[in-house]
Amino acid sequence: MADTLAETTHWGNLKTEVAGYVGIDTLQEQIRKKVLKRGFEFNIMVVGRSGLGKSTLINTLFKANVSLRSCSKSEEKVEIPKTTHVKSVSHVIEEKGVRLRLTVTDTPGFGDQINNDNCWLPVLDYINEQYENYLSEEQSVTRKKHIPDTRIHCCLYFISPTGHSLSPLDIEFMRRLDRCVNIVPVIAKADTLTIEERVGFKQRIKQDLANNGIRTYPMKELEEDPEETVTNNKIRELLPFAVVGSNQQYPNNGRTVYGRKTQWGLVEVENRSHCEFSDLRDMLIRTHMQDLVEVTRSVHYENFRQDRLASRRGRTQFNGQVIDMDSMNESSL
């Protein structure tokens, strides 16, 4: 269809001026009203050891109690699971008439055991399970008009502020999952590092990522125009984001700010000279949220879909048994 359109109308090359007002410019408003009515969906996963402030950072990002721990009704101390668990909680948040269905997925128990072999498998299985559920809905005979999107659009990976380099677990996790989800690495509790320690730590992390061939979001090969490249280059320079999260507000110079109170002063969460929380928030919510959803759909999910359908090619079921049709020839029929 696209080739025929290009041949017959020189699509993209032939520009024709209209003699009067037609109303084509209202298409943008039509789409806006339709999309606003349906709302948006965004699914974010947080991965890292306990005590790195994952729940606090998520609550700070959206300025609401949206983390799994914040929504737990039990006030009793929760023991660390013996294996990695994957749990999700969904919220509908609204701002200036824009509704967002936000799903936060946590991974309690990740990396907290003495033996952390294969602790990333539950995370990988969960991500692929969401792709499988979406694919099943797409292929069903009577599928829904709007398929609920539970696919993970972004994975925030929390790195301990050791000041040295990535641990073997950090490398192994990101190396195994960077092909199926958008990974954004962050240095947790960055206020525990000095400026010099932070700079050196980030450089060593970047070197570890490059040496191990780990792809983080945003990816260069997906950029389509120079303006996008310039914007993404600035983000890549900041990776991994050195962040600080806090739900507490304090008065400071006549205004109230989110921060962490220490004996020597106040660490302001949204002050770019103190940490890179604002840069992370701008990327996740204000500039790249829709792109994260699109990359998940067009790249990670598409790769999963192709692999799954290719594995089914030439295979069918008969009386509950799987038959390889490619291995059958005319003489065997």
Side-chain angles (χ1 to χ4, degrees), residues 1-2 30-47 58 62 66-68 71 84-94 98-108 120-156 176-184 215 217-219 222 284-285 288-326:
M1 178 64 181
Q30 294 175 40
I31 294 173
R32 190 187 72 85
K33 288 182 178 179
K34 196 176 185 72
V35 171
L36 285 178
K37 185 177 180 180
R38 185 173 66 238
F40 299 88
E41 294 173 309
F42 188 65
N43 308 318
I44 187 170
M45 171 181 278
V46 290
V47 181
I58 289 296
F62 294 95
V66 295
S67 67
L68 183 64
C71 299
T84 302
H85 291 186
V86 181
K87 299 180 180 179
S88 298
V89 60
S90 295
H91 305 264
V92 175
I93 56 181
E94 185 171 344
V98 178
R99 289 183 298 114
L100 175 70
R101 182 180 181 273
L102 174 68
T103 299
V104 179
T105 302
D106 199 358
T107 55
W120 56 81
L121 286 180
V123 180
L124 180 60
D125 291 342
Y126 180 85
I127 293 173
N128 286 332
E129 182 183 355
Q130 307 316 306
Y131 289 151
E132 186 67 53
N133 293 340
Y134 197 90
L135 180 61
S136 299
E137 285 289 344
E138 273 191 330
Q139 294 181 322
S140 63
V141 178
T142 56
R143 61 183 182 182
K144 301 175 182 176
K145 183 178 179 180
H146 175 67
I147 301 175
D149 189 1
T150 60
R151 298 169 294 185
I152 300 299
H153 301 133
C154 178
C155 174
L156 284 183
R176 289 179 178 269
L177 272 77
D178 68 343
R179 295 300 189 274
C180 65
V181 69
N182 297 312
I183 295 180
V184 177
R215 301 190 308 170
Y217 180 88
M219 292 168 277
L222 302 180
L284 286 179
I285 302 175
H288 284 67
M289 178 179 284
Q290 188 58 33
D291 187 65
L292 284 162
V293 176
E294 288 296 323
V295 171
T296 300
R297 178 190 60 81
S298 62
V299 179
H300 300 304
Y301 171 69
E302 189 63 22
N303 291 338
F304 175 89
R305 190 187 69 85
Q306 290 177 5
D307 291 342
R308 179 64 78 238
L309 295 182
S311 66
R312 298 176 184 173
R313 184 178 301 169
R315 299 174 68 86
T316 187
Q317 284 193 354
F318 182 73
N319 288 340
Q321 294 182 344
V322 178
I323 302 175
D324 191 343
M325 300 301 293
D326 293 337

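- Between Y134 and Y301, the ring planes are perpendicular. Angles over 60° get that label, and only those under 30° would be called parallel.
- Side-chain contact check for T84 versus V123: some heavy-atom pair is nearer than 4.5 Å.
- In this structure, the side chain of R143 engages the main chain of E138 through a donor-acceptor pair within 3.5 Å.
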Please lay out, stage by stage, how K34 and I31 fare under the test side chain to side chain contact (heavy atoms under 4.5 Å, CB included). CA-CA 5 Å; K34 196 176 185 72; I31 294 173; 5.8 Å; no

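- The CG atom of L121 sits 10.5 Å away from the CG atom of N128 when rounded to the nearest 0.5 Å.
- In terms of heavy atoms, V86 sits closest to P122 at CG2-O, 3.8 Å.
- Looking at heavy atoms from C-beta onward, I285 lies out of side-chain contact with F42 at the 4.5 angstrom threshold.
- Between V181 and M45, the closest side-chain pair of non-hydrogen atoms is not below 4.5 Å.
- At a threshold of 4.5 Å between non-hydrogen side-chain atoms, the residues C154 and L284 count as touching.
- With respect to L156, the side chain to side chain contact (heavy atoms under 4.5 Å, CB included) criterion is satisfied by exactly one of I183, V47, I44: I44.
- Side-chain atoms of N43 come within 3.5 Å of backbone N or O of D149 as a donor-acceptor pair.
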Go through the steps to decide whether L102 and V104 satisfy the test side chain to side chain contact (heavy atoms under 4.5 Å, CB included), and finish with yes or no. CA-CA 7 Å; L102 174 68; V104 179; 4.1 Å; yes

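- Side chain of Y217 to backbone of V295: no donor-acceptor contact under 3.5 angstrom is found.
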Derivation of the side chain to side chain contact (heavy atoms under 4.5 Å, CB included) call for L177 and L124: CA-CA 7 Å; L177 272 77; L124 180 60; 4.3 Å; yes

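- If you check the side chains of T296 and N182, you find a donor sitting under 3.5 Å from an acceptor.
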Any chance you could lay out the side chain to side chain contact (heavy atoms under 4.5 Å, CB included) test for M289 and H153, step after step, and finish with the verdict? CA-CA 9 Å; M289 178 179 284; H153 301 133; over 6 Å; no

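- Side-chain atoms of Q130 come within 3.5 Å of backbone atoms of Y126 as a donor-acceptor pair (strictly under, hydrogens ignored).
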